[in-house]
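Below is the structure I would like to discuss, written out as structure tokens.
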Amino acid sequence: MSTVTTTYKVTGMTCGHCEGAVSEEISAIDGVTEVKAAAPTGLVTVTSTREPDDEAVRAAVDEAGYELVGRA
């Protein structure tokens, strides 16, 4: 199975708890297989079985309490 890796820039993450909250919400999106969030850089790498829906990712980040700037 092929995978797609997409990196997003998220503002507001400051700690491991922030990374976990963002990762948990994005992981719930259909097709997402792995999420790696890095608070120091604000980068969130999403691995999925298909191209992720940017609006779904934005909604997930909003739900976690942070702001999606866009693709990095």
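Index from 1, following the sequence.
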Just so I know, are the side chains of Val57 and Ile29 near enough to count as touching, which here means a heavy-atom distance under 4.5 Å?
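Yes. Closest side-chain heavy atoms under 4.5 Å.
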Going by the salt bridge (charged side-chain N to carboxylate O under 4.0 Å, His left out) test, which pairs reach into residues 27-48, not counting sequence neighbours?
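Applying salt bridge (charged side-chain N to carboxylate O under 4.0 Å, His left out) to every pair that reaches into residues 27-48, excluding sequence neighbours, yields Asp30-Arg50, Glu34-Lys36.
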Nearest-0.5 Å distance that lies between atom CZ in Arg58 and atom CD1 in Ile26
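Between Arg58 CZ and Ile26 CD1, I get 11.5 Å after rounding to 0.5 Å.
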Measure across Val32 and Ser27 and return the closest heavy-atom pair with its distance rounded to 0.1 Å.
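Where Val32 meets Ser27 most closely, the heavy atoms are CG1-CA, 4.0 Å.
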Considering non-hydrogen atoms only, spot the tightest contact between Ala39 and Cys15 and give its length.
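Where Ala39 meets Cys15 most closely, the heavy atoms are CB-N, 3.6 Å.
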Going by heavy atoms in the side chains, are Lys9 and Leu43 under 4.5 Å from each other?
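With C-beta onward as the side chain, the pair touches.
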Considering non-hydrogen atoms only, spot the tightest contact between Ala21 and Ala64 and give its length.
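Smallest interatomic distance, heavy atoms only, reads O-CB, 3.7 Å.
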Looking only at heavy atoms, which two atoms of Val10 and Val44 are closest? And how far apart?
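For Val10 versus Val44, the nearest heavy atoms are CG2-CG2, 3.6 Å.
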Shortest non-hydrogen contact between Val22 and Tyr66, atoms and distance:
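Looking at all heavy atoms of both residues, the closest pair is CG2-CD1, 3.4 Å.
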Short side-chain to backbone donor-acceptor contact, Thr33 and Thr47, under 3.5 Å
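Checking the backbone N and O of Thr47 against the side chain of Thr33, a donor-acceptor pair under 3.5 Å is found.
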Is Leu68 close to Asp62 at the side-chain level, that is, under 4.5 Å between some pair of heavy atoms?
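Not touching, per the 4.5 Å side-chain cut-off.
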Can you run down the salt bridge (charged side-chain N to carboxylate O under 4.0 Å, His left out) pairs that involve residues 17-27, sequence neighbours left out, and say none if there aren't any?
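Qualifying pairs: none.
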Can you give me the closest heavy-atom contact between Asp54 and Arg71, atom names plus distance?
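Taking every non-hydrogen atom into account, OD1-NH2, 2.9 Å.
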